[in-house]
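Following: one structure in C-alpha cells, then a few remarks.
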Amino acid sequence: MKGVKLAGVADIDAAAAARVAGECGCGGFTAREKLFGRVDAVSIAVPTEAHEEVAVDFLARGVHVLLEKPIAPDLAGGRNIVAAAEKSGAILQIGHLERFNAGVMAMAERIKDARFIESQRLGTFVERAAGTDVITDLMIHDIDIVMTMVDSEITYISAVGSPVMTRHVDIANARLEFANGAVADVTASRVSEKKFRRIRVFARDRYLALNFNDQQIEEARTAGGVGDGDGGFPRIIREHIPVPAQPPLDAELHHFTATVKKGGRPLVNGGDGIRALSVAHQVREKVAAFGRPHP
C-alpha cells in the first residue's frame, strides 16, 4: 500500500511471526509490546476472547486500531474498548468486512427506504470457526448491513437455530422487525454443501438483488404511471447495475489508513460494532429459548 510502511508483525507463535516477517520484510515479534513506539496504527486479528486486552493496550497508547469483528465476546468488553478509544482520541474501526463489498456500498447508495430485506449467507463447515456459533461468526455481517439500510429501531426479534456439526448453533434464521415497519429475514449456515451469499432488498418502488461473491446488482423498478405498461399498470424496468469489483479487504485497509491520515470517523466505528453485537446476542438468546421446552 502506498504511503504505508509495515513496521512489524506480532504473533505468540514464534514460527508464524518469523515466517510472515520474512515474507513481508519487516520485524517479527512474539510479544505485542515490541510494537509499542514502532507503529502509528495496527490491525488486530487475534481470537475474539483477546480483543479487549490487546485492543485496549494499543488504544490507551494512542495507537489507531482496526479490530476484527465481532468487537468483543460480550457488550461489556466492547464498551471498554470504545471507552479506551474515546479517552485517547485514537481511531477505532471494526472489521465488518462486508461493508466494504463494492456491491453493498452501491446498493446502500440506491436504497433509502428499505421495506423488506432477505439475506442468506451459507457456507461449508470450516474447523476454524468451531469454537463459536454461526450467529457471531457469519450472521453478524448481515445484521450489520441490515441495520445500516434501515434507519429505525428494532422492536421485535424472533429466531430459530440448531447445532449440527458442533456444540454451538451451526444454522440459524432470524426475523428482525423495525419501528418504521421494515422487516428483515436473515439466514446463516456453515453446514451447506455450497457457498451462497446473497441479499435482496425491497423498497417502495424498486427491488435490488446482490450476489456478495461477484459484487454485482440486479435491479427491477417501476417507471411511468398507471396505464403506461401492459394491463394499465406501470412499466417494470429490469437492469443489471455494473459494479467495479474490488477485494473488500483491500478497500477496508485503504479506508482505515486514509482515516488515520486525515482524521474523521471510520465507516464502521466502535458504536456500530457494539450495536451489531447486541443484536447478535439477542438473536442467540431467541435461538436458545427456541430450543427449550414450553412450560
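Numbers here simply count residues along the sequence, with the first being 1. Just the heavy atoms: all of them, side chains too, but no hydrogens, waters or symmetry mates, feed the values below.
Distance check, rounded to the nearest 0.5 Å: CD of Q93 to CG of L253 gives 8.5 Å. Note: N101 CG to F212 CZ = 6.5 Å, rounded to the nearest 0.5 Å. A distance of 11.0 Å separates CG in L66 from CD1 in I91, rounded to the nearest 0.5 Å. One finds the CG atom of L6 at 4.0 Å from the SG atom of C26 (value rounded to the nearest 0.5 Å).
No hydrogens or angles considered: nothing links the side chains of N211 and Q216 as a donor-acceptor pair under 3.5 Å. Side-chain N/O atoms of E218 and H240 include a donor and acceptor closer than 3.5 Å. A donor and an acceptor atom, one from each side chain of N173 and T187, are located under 3.5 Å apart.
Side-chain atoms of I71 and V82, non-hydrogen and from C-beta on, do get closer than 4.5 Å to each other. Looking at heavy atoms from C-beta onward, F58 lies in side-chain contact with R32 at the 4.5 angstrom threshold. Put simply, the side chain of E252 does not reach to within 4.5 Å of the side chain of H96, judged on heavy atoms.
Nearest approach of M149 to I117, heavy atoms of both residues: CB-CD1, 4.1 Å. Nearest approach of L97 to H141, heavy atoms of both residues: N-CE1, 3.9 Å. In plain terms, the two heavy atoms of T132 and T136 that are nearest each other are OG1-OG1, 2.9 Å. Listed here is the closest heavy atom pair of S192 and L122: OG-CB, 3.5 Å.
Checked by atom type and distance alone, the side chain of R167 never pairs as donor or acceptor with a backbone atom of P163 at under 3.5 Å. Side-chain atoms of H281 never come within 3.5 Å of backbone atoms of D74 as a donor-acceptor pair (strictly under, hydrogens ignored). At distances below 3.5 Å, at least one donor-acceptor pair connects side-chain atoms of D272 with backbone N or O atoms of N269. Counting only distance, with no hydrogens or angles, the side chain of R110 and the backbone of A106 share no donor-acceptor pair below 3.5 Å. The closest donor-acceptor contact from the side chain of H64 to the backbone of A90 lies at 3.5 Å or more, if one exists at all. At least one donor-acceptor pair closer than 3.5 Å links the side chain of T155 to the backbone N or O of E177. The closest donor-acceptor contact from the side chain of S278 to the backbone of I274 lies at 3.5 Å or more, if one exists at all. A donor-acceptor pair under 3.5 Å links the side-chain atoms of K69 to the main chain of D137, judged by distance alone.
For the side chain to side chain contact (heavy atoms under 4.5 Å, CB included) with I135, the lone residue among V279, V287, I140 that qualifies is V287. Checking N180, V183, V201, V150 one by one against R115, the side chain to side chain contact (heavy atoms under 4.5 Å, CB included) holds for a single residue, N180.
One finds no salt bridge joining R79 and E86 here, because no Lys/Arg side-chain nitrogen approaches an Asp/Glu carboxylate oxygen to under 4.0 Å. For the pair R175 and D185, the salt-bridge criterion is not met [side-chain N within less than 4.0 Å of a carboxylate O]. D142 has a carboxylate O that lies under 4.0 Å from a charged side-chain N of R121, or vice versa, which qualifies the two as a salt bridge. Between E239 and R221, at least one side-chain nitrogen of the basic residue sits less than 4.0 Å from a carboxylate oxygen of the acidic one, meeting the salt-bridge criterion. With respect to R238 and E219, no salt bridge is recorded, no charged nitrogen being found less than 4.0 Å from a carboxylate O.
When the shell of 6.0 Å around CD of E193 is examined, it contains 12 or fewer heavy atoms from other residues, nucleotides or ligands. For D40, the CG atom is loosely surrounded, since the number of other residues' heavy atoms within 6.0 Å does not exceed 12. Within a 6.0 Å radius of CD1 in I241, more than 12 heavy atoms belonging to other residues, nucleotides or ligands are found. Atom CD of E153 sits in a sparse spot, with 12 or fewer heavy atoms from other residues, nucleotides or ligands closer than 6.0 Å.
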May I have the step-by-step check of side-chain contact (heavy atoms from CB on, under 4.5 Å) for D144 and R99, ending in yes or no?
CA-CA 8 Å; D144 177 61; R99 284 269 212 111; 2.7 Å; yes

Given E118 and R198, is the salt bridge (Lys or Arg N to Asp or Glu O under 4.0 Å) satisfied, shown in steps?
CA-CA 8 Å; E118 182 184 53; R198 183 178 175 89; over 6 Å; no

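In this pair, H255 and F100 present their aromatic rings tilted. The plane angle is within the 30 to 60° band.
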